[in-house]
Q: 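Structure provided below as structure tokens; questions to follow.
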Amino acid sequence: MVASGITGHTRPTKVKKRAALQKRKRDDVDVEKLEQAVEQLDPNNGSYRHFTDLPLSDPTKQGLRSAHFAVMTDIQARALPLALKGHDILGAAKTGSGKTLAFVVPVLENLYRLQHVGVDAGLGALIISPTRELAIQIFDVLCKIGKHGHVFAAGLVIGGKSLEAERQALTRMNILVGTPGRILQHLSQTVAFNVDDLKMLVLDEADRILDMGFQRDVDAIVDYLPKERQTLLFSATQSRKLSDLARLSLQDPEYISVHAEDKSATPQTLQQNYIICPLEEKLDTLWSFIQASKKSKIICFFSSAKAVRFVYESFRHMQPGIPLLHIHGRQKQGQRFDTTAKFSAAKYSCLFATDVAARGLDFPAVDFVIQIDCPEDADTYIHRVGRTARYNRQGRGVLFLTPGEEEGMLKRLEAKNVPIERINVRQRKRQSVKDQLVHMLFKDPALKYLAQKAFITCVRSLSLQKDKDIFHLTEYDLEAYAASMGLPGTPRVKFLEEGNAKQKKQTSRDELAVSGSSGESEDGKDGPATKKGKLVRTKYDRMFERQNQDVLADHYKNLVRDDDAEEAPESEYNAYDDDDFLAVKRRIPARPDLSDIASEDDATATRMRKVVNLEGAAQPLIIDSNRREKLLKSKKKLLKLKDRGKKLVYDDDGNPHEVYELEDENDFRAKGLPEDQRQKFLQEAREVVQNADVEDKATAKAKKKEKIRKKKERETMEKEDDDNDSRVGLEDNEEDGLANFRADAEVSDVEADEMKRSKKWFQSDSEDEDESKKGKKGKKGKKGKKTGARQIVEEPETLEDMEALAAGLLG
Ligand SMILES: Nc1ncnc2c1ncn2[C@@H]1O[C@H](COP(=O)(O)OP(=O)(O)OP(=O)(O)O)[C@@H](O)[C@H]1O
């Protein structure tokens, strides 16, 4: 939140006072003239093409000029005259068509003409965005245009900062940009936050803000606002829902849909393709694609934060030769801001993202948008792919569809006028990353855990998808998918099992209902006791239903006997899980023979007994407490329970004998009394053990030290992972990788830069062969189609810098 800098008004010198008075007089004259000009504006006159054609204040004109905005885009030309005249607007235009300026300019202008400025005026305009990143971006545009002479105080409320600091600044704000949750928090908790005189409400990405996720927050915000106000709604995908208009109390809204007549709902400059790629081939395909596109700027969309993290962590360990970044909603705000700033500034980079980056974000010069996980609907597809080919620039989108998703998704895209063509992957150039992943997961349990979580979340999100025409869970090969992630087995998914269990339970209930309360199951064995026809679950029923992650110490796992798999009931229990909606099965460490499990009275039972036959132990081990259960995890403790063993000596025929059997009796007697010998032997053995113990301790200490060092290193890396991209071994790898894909022609750096957009990595092998026949000539042909020069990106500012900029608005 910005420090408003209003202190200048408290003790003005005479000179300052006079200057302020003169400025106000000038503004008054200016405002009057502007009011007249705006009144004369004809919104239906299609001849307004430049910003200078509109009656705008000098500060705004100067802001636009300095940002090099001269010619208006279609949505700006249509929306600005209406918005300046105070109409409510519902604006829809393709992604990257300049909707931000279509509301930022009217906000500045309308408040300026109303002279809604200064601490006493209160909040004049509220701009709501669905994500923090987008809010920051809007705020940035507002600052860029408004910093040349406007004197509004503008602020950003997106969370991640102390409420108290925001509270103090909020009371001085004239224009506020924010996310629904935080805005509502202030409206309900900050007493001095006055919105009674609000003049404008803007909803960017309105369809998202008005949908289910934000519905309650937005309705509550609107309740605080005055009904008499101007409301502007903008989005790339927008359906006119009467209920939404009523919720926002729009008054005779103007519908502007500039591209409604177009054949395509996506930009003309966008080339859109899809490939058929089963789940288990996605990682190989993505890796190979990245290898072939190191000189590109790429965004890859996934359906979950876990998937983003897993792919980011594993790929960066494999040294892809291109800086990798990742962004998802579970990161801290600072990290997210850094990532967007880094990706904006990068020339070549690959950003792994969830849909938190799907809407509104304006990254310069993105070459490819790859949708690894199928989007939930066509609108999400449009927003994601819209991160490339912005404002007349070229761009490519590639959608990965599994065979089962193809038909349903294509139908949805067709209905939304999205032209998309199928292409093939060059099978010959696809590299398998499975072995590397297996190796990495084996060495790094944290990565394995991440892979398991990513797998589970993926399955969950597939099964929860609403559009069942696209997503059929039964059609995915989950085992193969888990294997492709390098996992040694397919994690058990509680969600699915519960579904099955419910089904089974229902069936058995039905059966019980038929057989009455006899307490006998269909196969004749004793079934669970029933009370009034209801199933009564025993303690161990419950225990076996519990779930846990499959992260076990190796020795713990070794205790599980192979034959258990068939005979033992699946036992799972919840030791930990941050989202226990789904979990991975964890087996209990030894076969619990049901006959050995004595379950006490269900109501009072607090413990369960089980008997484990330890190899070499004289007695079976009874596990009847958590402490004893822990015994199973400690090799050292288990050793104590086992027989100590005997020393045997083998004769020439290979038969074992106790040592004394092979010794001559006279020799034995000559050595002294048996008890003395025993003591002597024990003494020697003790010394050997003590010496070994010292060595062992030293080794253990060294190991522990190494472990701590590695842990610290990992923690530092984890801490840094969001700050640092993983540009590792770029030079080394690049040569090999590119040699693979561009063997036939050497290109200069400039040519490579120009050629990258037309590089056809996704194409069939036959096309590939055709192309290689054409040779260099064909390649040169392609080069002609290339796009213009890259935009030069300014060094990104920090969030604090941007907020400080807003202070500049105060003049
Ligand atoms: N009149 C203009 N002249 C030149 N460039 C412009 C103009 N208007 C907008 N742009 C540029 O076009 C790009 C896209 O603009 P903007 O982010 O406002 O698009 P959008 O329609 O809001 O996209 P989305 O639907 O993805 O949110 C930005 O980089 C912006 O600077």
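Given the structure is predicted, the values throughout are model-derived calculations rather than measurements.
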Q: So, applying side chain to side chain donor-acceptor pair (under 3.5 Å) with Ser66, which one of Lys61, His148, Lys147 is it?
A: His148

Q: Of all heavy-atom pairs between Lys282 and Asp373, which one has the smallest distance, and what is that distance?
A: NZ-OD1, 3.6 Å

Q: Distance only, no hydrogens: is a donor on one side chain within 3.5 Å (strictly under) of an acceptor on the other, for His326 and Thr339?
A: no

Q: Mind checking what makes ring-ring contact (aromatic ring centres under 6.0 Å, His included) contact with Phe363, not counting sequence neighbours?
A: Phe343

Q: Where the side chain of Arg387 meets the backbone of Leu361, is there a donor-acceptor pair that is under 3.5 Å apart?
A: yes

Q: Does Lys144 use its side chain to pair, donor to acceptor, with the backbone of Ala67 at less than 3.5 Å?
A: no

Q: Do Asp207 and Thr237 pair up side chain to side chain, a donor and an acceptor below 3.5 Å, judged on atom types alone?
A: yes

Q: Partners of Ala353 by side-chain contact (heavy atoms from CB on, under 4.5 Å), sequence neighbours excluded?
A: Ile299, Phe301, Ile327, Leu351, Ala357

Q: How far apart are the closest heavy atoms of Asp355 and Arg384, and which atoms are they?
A: OD1-NE, 2.6 Å

Q: Verify the ring-centre separation between Phe289 and Phe368: is it less than 6.0 angstrom?
A: yes

Q: Charged N to carboxylate O below 4.0 Å: is that the case for Arg390 and Asp362?
A: yes

Q: Decide side-chain contact (heavy atoms from CB on, under 4.5 Å) for Asn110 and Gln230; before the verdict, give the C-alpha distance in whole Å, the side-chain angles of both, and the deciding distance to 0.1 Å.
A: CA-CA 10 Å; Asn110 294 359; Gln230 184 182 12; 3.0 Å; yes

Q: With a 3.5 Å cut-off and no angle check, do the side chains of Glu205 and Ser129 form a donor-acceptor pair?
A: no

Q: Any idea which heavy atoms bring Ile221 and Leu187 closest together, and the distance?
A: CG2-CD1, 3.8 Å

Q: Answer yes or no: is there a donor N or O on one side and an acceptor on the other, between the side chain of Asp377 and the main chain of Thr380, under 3.5 Å?
A: yes

Q: Quiz question: by atom type and distance under 3.5 Å, do the side chains of Arg132 and Thr179 form a donor-acceptor pair?
A: no

Q: Under a plain distance cut-off of 3.5 Å, with no hydrogens placed, do Ser288 and Gln291 share a side-chain donor-acceptor pair?
A: no

